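Here the structure is a predicted model, which is why all the values come from computation and not from measurement.
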Amino acid sequence: ITADDFTAGADMIAGLVGAAADARAFANVFEAGVRLRWPTGGALRPYAVIGGGVARITAEATFFRNGVETDPAALGIGLGPNLSGEVTRGLGMIGAGVDVAASKNLAIDAGIRYTGFVATSDGTPRYYVYPVLRAQFGIGVRF
């Protein structure tokens, strides 16, 4: 979920001390939603999904000098929450897909989801709120 301005900020700081940077942000996500199905009478069952949840987002920046990972403190860099730390944000999700009945109790599912992280006004850097578009594939058991 890393945005260009996040990596550019780390690269700028690293450049000031003659180093290189690798900056990334990761999200562990919990989502729950509701599927709205369209009856087709056949094996293909299209659906729309809407939901929400929470994400624990971790930002980390690694610095390298002469190709060797170097402690930021040794380079005179003090990492703030914009390059190092964790935050929890709410999220909203919408999507669509189709499931195919493989048997009475087994379905194959393919879909696409768009997830947007809730922005805040607390000064959190913008990379924490970049949306994610993902494709997914799965196998489901029907009850």
Side-chain angles (χ1 to χ4, degrees), residues 1-17 19-65 67-75 77-143:
I1 63 169
T2 305
D4 292 340
D5 53 346
F6 174 61
T7 55
D11 288 340
M12 180 192 69
I13 292 168
L16 294 173
V17 294
D22 180 23
R24 300 176 185 194
F26 304 92
N28 291 318
V29 174
F30 172 80
E31 293 176 329
V34 176
R35 283 188 182 196
L36 309 167
R37 297 184 189 273
W38 284 274
T40 61
L44 291 175
R45 298 184 336 172
Y47 64 86
V49 63
I50 187 167
V54 296
R56 184 70 175 167
I57 302 169
T58 304
E60 58 184 48
T62 308
F63 294 89
F64 300 89
R65 183 176 274 165
V68 178
E69 185 175 340
T70 306
D71 180 19
L75 297 171
I77 300 171
L79 296 179
N82 60 331
L83 291 178
S84 175
E86 295 183 336
V87 296
T88 301
R89 293 287 179 258
L91 59 88
M93 178 267 300
I94 60 171
V98 64
D99 65 35
V100 181
S103 71
K104 179 180 175 186
N105 293 34
L106 191 65
I108 298 171
D109 179 46
I112 190 163
R113 305 288 188 272
Y114 176 86
T115 301
F117 301 99
V118 177
T120 64
S121 59
D122 67 359
T124 302
R126 178 156 170 68
Y127 68 88
Y128 286 137
V129 296
Y130 265 52
V132 175
L133 181 65
R134 68 182 187 275
Q136 55 188 54
F137 176 80
I139 298 174
V141 178
R142 297 182 192 173
F143 297 99

Any side-chain to backbone donor/acceptor pair from Thr40 onto Trp38? Under 3.5 Å, distance only. no
Between [X] and [Y], which heavy-atom pair has the shortest distance, and what is it?
{"X": "Arg65", "Y": "Thr70", "answer": "N-OG1, 3.5 Å"}
{"X": "Ala14", "Y": "Ala20", "answer": "CB-C, 3.7 Å"}
{"X": "Phe64", "Y": "Thr62", "answer": "CZ-CG2, 3.6 Å"}
{"X": "Ala10", "Y": "Ala23", "answer": "CB-CB, 3.6 Å"}

Quick one: [atom1] on [X] to [atom2] on [Y], what's the gap to the nearest 0.5 Å?
{"X": "Phe63", "Y": "Asp11", "atom1": "CZ", "atom2": "CG", "answer": "9.0 Å"}
{"X": "Ile57", "Y": "Phe26", "atom1": "CD1", "atom2": "CZ", "answer": "12.5 Å"}
{"X": "Arg35", "Y": "Tyr47", "atom1": "CZ", "atom2": "OH", "answer": "4.0 Å"}
{"X": "Ile50", "Y": "Leu36", "atom1": "CD1", "atom2": "CG", "answer": "8.0 Å"}

Side-chain donor-acceptor pairs of residues 91-106 under 3.5 Å, sequence neighbours excluded:
| residue | atom | partner | partner atom | Å |
| --- | --- | --- | --- | --- |
| Asp99 | OD1 | Arg45 | NE | 3.2 |
| Asp99 | OD2 | Arg37 | NH1 | 2.5 |
| Ser103 | OG | Leu106 | N | 3.3 |

Mind checking what makes salt bridge (Lys or Arg N to Asp or Glu O under 4.0 Å) contact with Asp22, not counting sequence neighbours? Arg24
Quick check on Phe30: does its CZ atom have over 12 non-hydrogen neighbours (other residues, nucleotides or ligands) under 6.0 Å away? no
Suppose we screen for side chain to side chain donor-acceptor pair (under 3.5 Å). Which residues come up paired with Arg134, at least two apart in sequence or across chains? Glu31, Thr115, Gln136
